[in-house]
A.B. asks: 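I'd like to ask you about the structure that follows.
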Amino acid sequence: LDVYKRQLFTLANDLAHVLAWVKERPGVTRIFLAGHSLGAAVVLTYLTSRIPDPAIAAVIISAPVSYTHLDVYKRQVQSKRRSACRPVSI
């Protein structure tokens with residue numbers, strides 16, 4: 001699970017770099033962030049791990065994946081790997 005948290009923080013850091021680049025563009029005064037599922041989790045991680053940015057005017061979040069969802073997914077993947085390795089009796 002910690003791997004997934006680290007990945008979210010890595011993606012949030014990537015988002016911070018993209019937003020810094022966007023804010024350098026001429027005429028950019030307001031930024032609207034939107035994210036669905038994993039993208040929503042990245043946006044939420046970004047917003048909750050930094051000082052608020054006055055350039056962000058609005059945020060739209062749809063069905064954010066949670067650490068619980070990621071943990072369930074991880075267990076499903078591990079279960080499929082184990083079942084794929086089971087010997088088959090004929």
Side-chain angles (χ1 to χ4, degrees):
L1 187 59
D2 290 334
V3 171
Y4 295 114
K5 287 181 184 178
R6 281 196 307 271
Q7 289 174 343
L8 278 177
F9 280 100
T10 298
L11 292 170
N13 193 44
D14 291 347
L15 176 59
H17 289 290
V18 170
L19 292 176
W21 178 83
V22 168
K23 289 191 288 188
E24 292 174 355
R25 304 297 116 209
V28 173
T29 57
R30 297 183 301 166
I31 297 173
F32 296 82
L33 292 178
H36 172 74
S37 191
L38 181 58
V42 171
V43 169
L44 289 172
T45 302
Y46 168 80
L47 292 172
T48 58
S49 64
R50 288 173 168 67
I51 297 171
D53 186 342
I56 297 176
V59 177
I60 301 169
I61 300 296
S62 171
V65 68
S66 68
Y67 296 131
T68 304
H69 291 116
L70 293 172
D71 189 42
V72 168
Y73 173 73
K74 178 182 171 184
R75 281 187 268 137
Q76 288 173 342
V77 169
Q78 289 172 342
S79 175
K80 287 179 184 175
R81 286 182 186 154
R82 281 194 296 270
S83 65
C85 297
R86 290 184 185 154
V88 177
S89 58
I90 300 174

A.B. asks: Grab the two heavy atoms, one from Val28 and one from Val22, that are nearest each other, plus how far apart they are.
C.D. replies: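 Heavy atoms of Val28 and Val22 come nearest at CG2-O, 3.5 Å.
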
A.B. asks: If I compare all heavy atoms of Pro64 with all of Ala41, which pair ends up nearest, and what's the gap?
C.D. replies: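 For Pro64 versus Ala41, the nearest heavy atoms are CB-N, 4.2 Å.
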
A.B. asks: Please tell me whether Leu19 and Trp21 are part of a single hydrophobic cluster in this structure, the criterion being side-chain heavy atoms less than 4.5 Å apart.
C.D. replies: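 Leu19 and Trp21: one cluster.
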
A.B. asks: To the nearest 0.5 Å, what is the distance between CD1 on Ile61 and CG on Leu33?
C.D. replies: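 Here the rounded value is 7.5 Å.
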
A.B. asks: Is it the case that atom CZ in Arg25 sees more than 12 heavy atoms from other parts of the structure closer than 6.0 Å?
C.D. replies: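 More than 12 within 6.0 Å, yes.
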
A.B. asks: In this structure, would Val43 and Val18 fall into the same cluster of hydrophobic residues linked by side-chain contacts under 4.5 Å?
C.D. replies: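 Cluster IDs for Val43 and Val18 match.
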
A.B. asks: Please report the C-alpha distance between Asp14 and Leu11 in whole Å, then the side-chain angles of each, then the deciding distance to 0.1 Å, and finally whether the side chain to side chain contact (heavy atoms under 4.5 Å, CB included) criterion is met.
C.D. replies: CA-CA 5 Å; Asp14 291 347; Leu11 292 170; 4.1 Å; yes

A.B. asks: Looking only at non-hydrogen atoms, find the nearest pair between Asp53 and Lys23 and report the distance.
C.D. replies: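 Of all heavy-atom pairs spanning Asp53 and Lys23, the closest is OD2-NZ, 2.5 Å.
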
A.B. asks: Can you measure from CG (Leu15) to CZ (Arg50) and round to the nearest 0.5 angstrom?
C.D. replies: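 These two atoms lie 7.5 Å from each other.
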
A.B. asks: Could you report the tightest heavy-atom contact between Ala40 and Ser62, atom names first, then the distance?
C.D. replies: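 That would be CB-O, 3.8 Å.
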
A.B. asks: Check the pair Tyr46, Val59 against side chain to side chain contact (heavy atoms under 4.5 Å, CB included), reporting the backbone distance first and the verdict last.
C.D. replies: CA-CA 11 Å; Tyr46 168 80; Val59 177; over 6 Å; no

A.B. asks: Check for me, please, whether Val65 and Ile60 land in the same ILVMFWY cluster - side-chain distances under 4.5 Å, paths through other members count.
C.D. replies: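 Looking at the clustering, Ile60 is in a separate group from Val65.
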
